[in-house]
Amino acid sequence: MTDAMGGAKGPDELRRQIERTRRELGDTVEELAGKADVKGRARARAADLRDKAGAMTVQLRSSAAQAGHSVHDRATHAGPRPVRTVVQAGMRHPRPVLVAGAAGAVVAVGVMRWRHAHGHR
């Protein structure tokens, strides 16, 4: 119990008040130490941002895969029959398509260099 002035009545009450005050002070010191730990807070924020970036990467990969499947389905099931046949053949045998594309690129670069060298623009 306490007297009318707010002080402790007896040594046991005084000890309890001192112990409660020490606990409250300890909690306050821990809070202040946490706020003052800039390096620790920066690490926590960086970890949080890494987690968010990882989640976004997974989501973007999923969206890209879905878009790829959608384009693949459209390319193989839509359009005129000859185009569909060529697309399917190119998907079954990608190496000749890549070689033809590379050869076309080499020819295009050669023509551009020849035109530039001879003043044709």
Colleague: Report yes if some heavy atom in the side chain of R20 is under 4.5 Å from a heavy atom in the side chain of Q17; otherwise report no.
Modeller: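 A side-chain contact under 4.5 Å exists here.
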Colleague: Under 3.5 Å, side-chain donor or acceptor atoms of residues 33-60 against the rest of the protein: list the pairs with distances, not counting sequence neighbours.
Modeller:
unit_1: D37; atom_1: OD1; unit_2: G40; atom_2: N; d: 3.1
unit_1: R41; atom_1: NH1; unit_2: K35; atom_2: O; d: 2.6
unit_1: T57; atom_1: OG1; unit_2: A53; atom_2: O; d: 2.8

Colleague: If hydrophobic residues (ILVMFWY) are linked whenever their side-chain heavy atoms come closer than 4.5 Å, directly or via other members, who joins L98 in its cluster?
Modeller: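 ILVMFWY cluster around L98 holds nothing else.
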Colleague: Decide, yes or no, whether a salt bridge links E13 with R16 under the criterion of side-chain N to carboxylate O below 4.0 Å.
Modeller: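 Result for this pair is yes, salt bridge flagged.
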Colleague: What distance separates R23 CZ from L25 CG, expressed to the nearest 0.5 Å?
Modeller: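 R23 atom CZ to L25 atom CG measures 12.0 Å (nearest 0.5 Å).
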Colleague: Is there a side-chain contact between Q66 and S70 in this structure, where contact means two heavy atoms from C-beta onward sitting under 4.5 Å apart?
Modeller: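 A side-chain contact under 4.5 Å is absent here.
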Colleague: Between H116 (side chain only) and M112 (backbone N and O only), is there a donor and an acceptor less than 3.5 Å apart?
Modeller: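 Answer holds: no.
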